[in-house]
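A short worksheet on the structure shown next.
Residues take their numbers from the sequence shown, with the count starting at 1.
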Amino acid sequence: MPERLGAMALAAAGAYAVTSGFVVSQPAAQQPSEVRLRGAQAQPNSSAGFSSTMLNLAGAGTVAAGLAVSQRKRTALRAEKFAGGLVGSAGGFGEYQFDPIGLAERYPTLLPWFREAELKHGRVAMLAFLGLIVPDAFRLPIDGASDPSIDVIAAHNKLIGPGLGEGLMWNLMVVVGAIESVRFKQIGLGFENLTLENAGDLGLRALAPGTEEGMKLVRTQELKNGRLAMLAVGGCLTQAVAFDVHHFPFLKQSVDVSSQGVRCGGLDLPENAGCKQVVEWAAGGGKWDSAAGGWYKNMPTITGVNHEQGTLQDFQRLYYCSPPGDSFCGLPPCTGCSNPPCSDCFAGNQLYSSRRPGCDGNDKGVGCVPPKTALGYKGQHWPTTVIHGTQEMHIFAIGDWGGMDGSLDPPEGRKTIVAYDWGRRPGPSVFPRSRWNKMHTVQFCDHKQLVECFNTRGQAPCAPECGYVAGVDDQPQLLVANAFKARAALVDPQYILNVGDNFYWGGIEKTCGSPMDQISYPTKHQFDQIFEGVYQGSGLTNKPWFSVLGNHDWGGFKFDNGWDQQISYTWASNRWVMPAPYYKTSVLYADLGFDVDYFFLDSNFIDAMPPEEDPNHNMCSRKNNKPSASCAAADGPESVDACPGWFASLWAEQKPWVTQLMGQSKANWQIVVTHFPCGHEQDFYKSLQGLGMDLLVTGHRHDQELWLPDDHAKNHMGVTCIVTGGGGGITSEATPNPEETEDWYGEAQYGFYDLTISKSEILIESINYDGEVLLTHTVTRRGRRNLHLASSLPLLVRNNVDVHWIARPAQCSRDAQPKSSCIVMPERLGAMAIAAAGAYAVTSGFVVSQPAAQQPSEVRLRGAQAQPNSSAGFSSTMLNLAGAGTVAAGLAVSQRKRTALRAEKFAGGLVGSAGGFGEYQFDPIGLAERYPTLLPWFREAELKHGRVAMLAFLGLIVPDAFRLPIDGASDPSIDVIAAHNKLIGPGLGEGLMWNLMVVVGAIESVRFKQIGLGFENLTLENAGDLGLRALAPGTEEGMKLVRTQELKNGRLAMLAVGGCLTQAVAFDVHHFPFLPAQCSRDAQPKSSCTVMPERLGAMAIAAAGAYAVTSGFVVSQPAAQQPSEVRLRGAQAQPNSSAGFSSTMLNLAGAGTVAAGLAVSQRKRTALRAEKFAGGLVGSAGGFGEYQFDPIGLAERYPTLLPWFREAELKHGRVAMLAFLGLIVPDAFRLPIDGASDPSIDVIAAHNKLIGPGLGEGLMWNLMVVVGAIESVRFKQIGLGFENLTLENAGDLGLRALAPGTEEGMKLVRTQELKNGRLAMLAVGGCLTQAVAFDVHHFPFLK
């Protein structure tokens, strides 16, 4: 491979040097490619760590001759001895005066230190080289060292512990430290006693020769051997990583890679040493043996020919894919088989999971295309399932159902999955577990005793204490499946909830790390025998199985079995659903008017214990995992030692994930599905119950248990929980004998649950393995959510949810005409109206063929923060929304209709929702319905802002009538703007603002003490209540009145303060009533008011906004204007506190009525100016007339800042042009590098991939480094304070080679760049908006 040529060249040189004197009799053995050096950083080379250093040296040999020549010239010029006549500078082959960078001349005083360091490194390298080759011939007979799986890489990883101070490396450091301490005692901490004579001298005189000549010879030999050893060790380690060959001589054998990306090779390779003899025998005379038909029964499936027709390569392929017996091949053949490609195990018909059945080639979402790695879709939303009809709706729940596949011949040298004499048969075989008393203090029967019962079918010597029931315990999966199928035929369940432990004993019999778009032979075989061949029939075929992993699916007592293949099977099946270890999905019952949100969690951290603990029930067991075990290639645990922490982290990241999503859910029902049973993590599940969880579905314990919410002796979660671990893949907790139930935890030992769901309740029925209904319970809704669905709607389209398994309605399809026939949900009319108005304003210069897109209720770009418009503060945002006022009436109508449809009180009857002027049920984006649990926080925030605004308004008007007689306050020049600027000091911690922050912080600390840091004590009743009882009225009616008054006054104050500050900036009038003199109360007539032209734009928008928001208030002042430029230094733009961006839109309704006025005033301003616009700035004029667009007068008001404006505009434009290319080019061309070529990476996925989960993680940080470097160079040119920035050099990066030669050409190029950049900024904004609004992630981003 070209990228490894450097390492190969270096390694070859080192290998040649170190192997000339060695003869080895053992072939090198290769280790799996996924083994990596733990602790090393990821490098372009797929291995890691030290190999990158070696790769950096690639090509060094090409300059050796030149170095030698230059060295000879330098040597000839020197009269003195080279390096002071240092030992080792001369030898039998001439002079060894190699010093290409002149260290000896430049740093003569450091020569002793150089020699000390060289000898030290050489000695370590000589010992290291012995450590690389000796273990292949001899192992110390001590625990660990004699393990044949310990090679150069595994040994390195074993040295380094998972934590600080752990691992043998620390012992080595102690030893080295002790030796170094002695040495520093000899030469001094500052090397003051170090000379050329004693450099490297450890004082071992007993080993030294007696003569000076002999001493010189020994020292020279040591030096040269050390130098050779350093090269040799570097070469060996480089080859070990580059070739992935971990034994001497670290040379790659003739291993190839098949067309499917699978390593392959001939029988002579070390990987196939274990199968060579038996394969050659089979292909010779063995295939004619009378028993050969039984031995080689899988040949047709795997090779496509029967055993009698099989070639040598066909038998090698068989012994690789599914070896009959104990011998197995580690590599498949590359060529020569009957039905290529030879590396697949399906006779050339490889089962792919690259696209889920039913998806067309254009579908690239979660529901159609697998992720790159097994955890690529963790936490994502599986497409919503939509169910039509008004019949009774059923859901089946089952777990721990998957028995052993005794007919599988597992690969990789694994043992057959057989526990008893008659278990080697097609179909599922139950695994016999131990049985205990109910308290789990007395073991009645261990595994071996129960196996004896299976072998004898319950006859002697089967121990009666085992409670074995013949005909039940020996076939429970089939019995439960028969009852499952019989009930499905009657009630037709819509889908199945599967709680895990799908394949006993250890999941899929394949090591993790298979490609996500391929299904291995063991995976296909086990799914066919245990799942597909068992759960079919009327009511079951093609029904979705929403599944999670159990601890046995990870491996039971190991973690590196094929758990990732169960995830892969999602895209090879039309009913198996497990896109990740944890994920979310929704089910919509469209014609019954309700929906369910499901949260699937991986709770297997409970069985991920420290490696030395409980080896029989510990996925991280050191006893049962190989030392080299790793699932890093599948995004899983990278080692045995890292295993417990990995599972703990997986659980830790799920808790905030499900908490946030459940708090945001609007669904009628919220159900959690996980493996570990009721009783675990009760405090956490109780917190979810507080957010709306209705039901917890679990397994793991091998029985059926219904935990009722009022069973407080054991259930502390406050929610119904079921354990459905009696699916029959493993024997039950206790005997299934119904006459002996004293040790039962629940109502049954084998069975499943049938859930009948409706809008108002869930009926839970516990079904025994014989089909009998044992127990029922009803879960009812608690009235905290209500989803209004019109039954006439053929399809509900919800925010940010993909819909799968259904067709979109004909009247709304792409080709349907007319588009007006599409049915739209009323609650979206408001957002659509605003979007339409906004689109009208910003697309007037463009031709578009699609209607305007609605704004999403939740931005999907992960990590993105809402930003103000970059070009001109909030005023530019206002301009973009001009025209929104034309839809105000429609908004009001749609809002009234929604209000009329609601039967329950608005916002739970929140104080302030009604008043003397009618109902105040203003909630345009439905926050009260969508986030009922957040209502207390909304009210707390509203009251807090209102109180601050009331105080602020007093601060705006009182100083004009009264000033405090203290220094500073009585200064008449201090007005509203000057006071604000005086608050903020020039430096960090300077200015009175910091004092205010301390005061506010103290008040907030007291408040958080009352309501809790997580708002856990905050309710609608105590929201905003500071406990000032002395000021409160004594009656409930009076209290309600005061709270309503405070709320309304606060709202009015927020508007008033905003209006005053807007007018203060817009009119440049800093005293109440913040109106220019000619427009004050006494000015007559009002129509004579003249306003500065440069402020008309802001006034127009402000007037429109005031019209929209003041319809319910009586005010004596004209509407407040929005400022064209915020003069308050240090202020940040804030969204409307009550209702996100859409409420901001509503406040601006009516702005479109002044658009014409804006244009007229702009033309007048342009005509009035005699001087050149913006100093004749490039780009202000063009072929279509003047481009003198400056509605808020930046060029006139801030002429000194014009260079900065131009620099910023060009910078944004250039980034936008590159960004636009990045939006469209990947649809036509992808870079052939890892990650970039993944078809699932689109505009949204790419953004999310940039941002890592933690600080410093993700490619965004790399981009920041690159941008920072470019910016550093630019600041060097223009100065940190922009002191060297002018209109002439703004945006000039000095790329003269690309510039035209004439001034006219230069002006044209600069104008073109400017206009293209402006267009690109609009284009990128439009594309991203459409991508999110339409949920269409590819160009042209149209639905």
Side-chain angles (χ1 to χ4, degrees), residues 839 841-848 864 867-873 875-877 879-880 1162 1172-1192 1194-1195 1198-1199 1201-1226 1243 1246-1247 1263-1264 1266-1271 1273-1275 1277-1278 1282 1285-1300 1302-1331 1339-1341:
V842 300
T843 59
S844 55
F846 299 90
V847 178
V848 292
Q867 300 293 338
N869 185 291
S870 60
S871 60
S875 63
S876 58
T877 306
L879 290 168
N880 289 340
Q1162 183 59 32
K1172 289 184 177 180
F1173 173 74
L1177 195 67
V1178 168
S1180 60
F1184 295 95
E1186 297 298 306
Y1187 292 99
Q1188 301 180 2
F1189 183 74
D1190 186 15
I1192 58 173
L1194 292 175
Y1198 306 108
L1201 293 182
L1202 274 173
W1204 185 84
F1205 293 152
R1206 174 48 51 87
E1207 174 86 10
E1209 184 177 31
L1210 284 169
K1211 201 169 286 182
H1212 283 82
R1214 289 164 180 167
V1215 171
M1217 287 188 281
L1218 289 172
F1220 188 72
L1221 287 176
L1223 291 178
I1224 60 173
V1225 169
V1243 60
H1247 174 278
L1263 287 176
M1264 288 175 67
V1266 174
V1267 170
I1270 298 172
E1271 289 291 278
V1273 174
R1274 184 60 180 150
F1275 274 112
Q1277 296 170 338
I1278 61 175
F1282 306 103
L1285 183 65
T1286 66
L1287 275 177
E1288 287 69 32
N1289 67 14
D1292 185 358
L1293 300 180
L1295 304 176
R1296 290 289 176 271
L1298 304 176
T1302 65
E1303 183 179 348
E1304 192 62 31
M1306 191 68 182
K1307 184 175 180 181
L1308 176 63
V1309 167
R1310 293 176 69 187
T1311 304
Q1312 289 172 335
E1313 181 185 35
L1314 189 66
K1315 292 182 178 179
N1316 288 333
R1318 289 168 176 170
L1319 187 60
M1321 286 188 277
L1322 286 171
V1324 170
C1327 290
L1328 292 178
T1329 299
Q1330 291 177 197
F1339 188 80
F1341 305 102

Checklist entry - Is the shortest heavy-atom distance from the side chain of D1292 to the side chain of R1310 under 4.5 Å? => result no
Item to check | Least distance between heavy atoms, G1213 atom then A1320 atom | outcome: O-CB, 4.4 Å
Next on the checklist: To check you understand the geometry: which heavy-atom pair defines the closest contact between P1203 and A1290, and what is its length?
Outcome noted: O-CB, 3.7 Å
Next on the checklist: To the nearest 0.5 Å, what is the distance between CZ on F1205 and CG on L1287?
Outcome noted: 11.0 Å
Checklist entry - Would you say the side chain of M1217 lies within less than 4.5 Å of the side chain of L1221, judging by non-hydrogen atoms? => result no
Next on the checklist: Tell me whether the rings of W1204 and F1282 are parallel (<30°), tilted (30 to 60°) or perpendicular (>60°).
Outcome noted: perpendicular
Item to check | side-chain contact (heavy atoms from CB on, under 4.5 Å) between L1314 and R1318, worked out | outcome: CA-CA 6 Å; L1314 189 66; R1318 289 168 176 170; 3.5 Å; yes
Item to check | Close side-chain approach of V1273 and L1293, heavy atoms under 4.5 Å | outcome: no
Item to check | Minimum heavy-atom distance A1299-M1306, with the two atoms named | outcome: CB-SD, 3.8 Å
Checklist entry - Can you tell me how far the CG atom of L1202 sits from the OG1 atom of T1286, to the nearest 0.5 Å? => result 11.5 Å
Checklist entry - Is E1209 salt-bridged to R1206, cutoff N-O under 4.0 Å? => result yes
Checklist entry - Quick one: CZ on F1341 to CG on L1328, what's the gap to the nearest 0.5 Å? => result 7.0 Å
Item to check | Salt bridge K1211-E1207, side-chain N to carboxylate O under 4.0 Å | outcome: yes
